[in-house]
Amino acid sequence: MSAHGTRRRLVLALGTLVLFAGCQQKMADQPSYKTYTACDYFPDGRSARLLPAGTVARGHLRLDRAYFTGRTEPTTAEAQRAAASNTQAAAEARPLIVAEAEQNLGYVDEFPLPVDKAFVEHGRDRYMIYCVVCHDPAGTGAGKIVERGYTRPPSYHIARLREAPVGRLFAVATHGYGSMPSYAEQIPVRDRWAIVAFIRALQLSRHFPEAELPEPMRRQWETQRNVVMSKSP
C-alpha cells in the first residue's frame, strides 16, 4: 500500500472518531430533571408530574370486587375516590366507608377464595402477629394493650359479630372502624382473608351446632360437660 493511501485511511479514521465523539457528547447531555427539582415550566413549579386520575399500574387492575373489597357492590366512598384527583379528596371520602359499615348490606357472605386447613392456620399465624394484642388469643377482646388502657374491642363471640358477613370483617380490617386503625398497608389482601377465616374458626369453636358434631367429638364433649357439672356446687 502506498504512503498516500495510508495517510488517507488515517485521516478518515480520525474524522470518524471526531464525529462520533461529538454525537456522544450531545446525546449524553439530556435536558432532564433530578427528583424533586423545581421547574418553572409548569404552574405548580414541580418537575415530577402527577399520574392522570384513574391510572392503574400494570397488573393491579382489581376487577374482583369481592376479593379486594369484601363487597358485592361499590360503596359511595369508592365512587368518590374514583372521581377524586388528589389524596385529600380520597381522605374526605373515608368516613363514608365507616358509616356504611354500620350495616351488613352489600357485603359478601362467602369467602372469595378456597379455605382449607392450611389457609386457616396461616390466618392464625397472622392473627397472632397483628390482632392478638387487642383481641387476645381467644377473640374475647381482652388483649394486652387493652389491659394497659386501650379501647376494648367487642368479643368476636357476640351474636352481632357471629352473624356479620365475612366481607364486613374483611372491610373493617381493611379500612378500620372506631378505635381500630386500617391494616391495609400492613397486611396483604390474602392474609386479611386468612385472618377472617381464623376468626370464623374461633367463633365456631364456641358456638358449633351440637347436632353437627361428629360422634367421637360429641362423646368427648358430653364427657367434659359431665365433669364440669359434677364439680359445680
Side-chain angles (χ1 to χ4, degrees), residues 56-57 59-75 77-78 97-98 100-144 146 152-221 224:
V56 178
H60 291 268
L61 187 59
R62 299 186 169 191
L63 295 177
D64 191 343
R65 183 182 304 280
Y67 178 73
F68 288 106
T69 70
R71 294 185 63 91
T72 57
E73 57 191 33
T75 65
E78 286 177 333
I97 300 174
V98 176
E100 293 191 18
E102 293 286 346
Q103 300 179 359
N104 292 333
L105 299 177
Y107 292 102
V108 298
D109 200 22
E110 295 183 359
F111 287 90
L113 70 172
V115 175
D116 54 18
K117 180 180 179 181
F119 188 68
V120 174
E121 290 177 345
H122 180 68
R124 176 200 60 200
D125 296 340
R126 301 298 95 183
Y127 178 95
M128 292 300 176
I129 294 173
Y130 297 104
C131 314
V132 71
V133 291
C134 286
H135 296 276
D136 76 56
T140 65
K144 287 300 180 182
V146 174
R152 179 166 184 163
S155 170
Y156 284 128
H157 303 287
I158 64 175
R160 176 171 61 85
L161 294 185
R162 286 190 286 113
E163 296 169 0
V166 293
R168 182 179 175 185
L169 299 179
F170 175 86
V172 169
T174 301
H175 303 294
Y177 185 79
S179 297
M180 177 178 171
S182 165
Y183 280 85
E185 296 299 325
Q186 297 96 321
I187 310 176
V189 174
R190 187 176 184 277
D191 287 359
R192 272 175 264 156
W193 280 116
I195 289 173
V196 174
F198 176 68
I199 291 172
R200 276 292 189 252
L202 276 180
Q203 293 170 331
L204 285 173
S205 69
R206 294 195 177 189
H207 304 279
F208 196 85
E210 180 182 351
E212 297 182 20
L213 286 173
E215 189 58 32
M217 293 184 66
R218 188 198 306 276
R219 290 197 300 267
Q220 183 181 7
W221 180 78
Q224 292 176 349

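The structure presented is a predicted model; accordingly, all values stated were derived computationally and were not measured.
- Side chain of Arg162 to main chain of His157: a donor-acceptor pair is present (N/O by atom type, distance under 3.5 Å, no hydrogens or angles).
- Under the 3.5 Å distance criterion, the side-chain polar atoms of Arg192 are matched with a main-chain donor or acceptor of Ile187.
- Expressed to the nearest 0.5 Å, how far CG of Leu169 lies from CD1 of Ile195 amounts to 11.5 Å.
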Check your understanding: Given the rule in the side-chain contact (heavy atoms from CB on, under 4.5 Å) test, do Phe119 and Arg190 qualify, once you have shown the distances and angles that lead to the verdict?
Key -> CA-CA 10 Å; Phe119 188 68; Arg190 187 176 184 277; 3.6 Å; yes

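- Here the CZ-OG1 distance, from Phe170 to Thr69, works out to 7.5 Å after rounding to the nearest 0.5 Å.
- In this structure, CZ in Arg200 is found 11.0 Å from CG in Leu202, a value given to the nearest 0.5 Å.
- For Arg219, the salt bridge (charged side-chain N to carboxylate O under 4.0 Å, His left out) test picks out Glu215, with sequence neighbours left out.
- Residue pairs satisfying the side chain to side chain donor-acceptor pair (under 3.5 Å) criterion with at least one member in residues 108-118, sequence neighbours excluded, are absent.
- You'll find the side chain of His122 stays beyond 4.5 Å of the side chain of Phe198, heavy atoms only.
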For residues 126-135, dump all side-chain donor-acceptor pairs below 3.5 Å to protein atoms at least two apart in sequence or in another chain.
from, atom 1, to, atom 2, distance (Å)
Tyr127, OH, Asp136, O, 2.7
Tyr130, OH, Gln186, O, 3.4
His135, ND1, Tyr156, OH, 3.4
His135, NE2, Tyr156, OH, 3.4

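- Across every non-hydrogen atom of Tyr107 and Pro165, the tightest pair is CB-CB, 3.9 Å.
- With contacts defined as side-chain heavy-atom distances shorter than 4.5 Å, the pair Trp193/Pro112 qualifies.
- Ser182 places a side-chain N or O within donor-acceptor distance of the main-chain N or O of Thr174, the cut-off being under 3.5 Å.
- Here the side chain of Arg65 pairs no donor or acceptor atom with the backbone of Arg71 at under 3.5 angstrom.
- Under the 3.5 Å distance criterion, the side-chain polar atoms of Gln203 are matched with a main-chain donor or acceptor of Leu161.
- Taking the side chain as every heavy atom from C-beta outward, Arg160 and Pro154 approach each other to under 4.5 Å.
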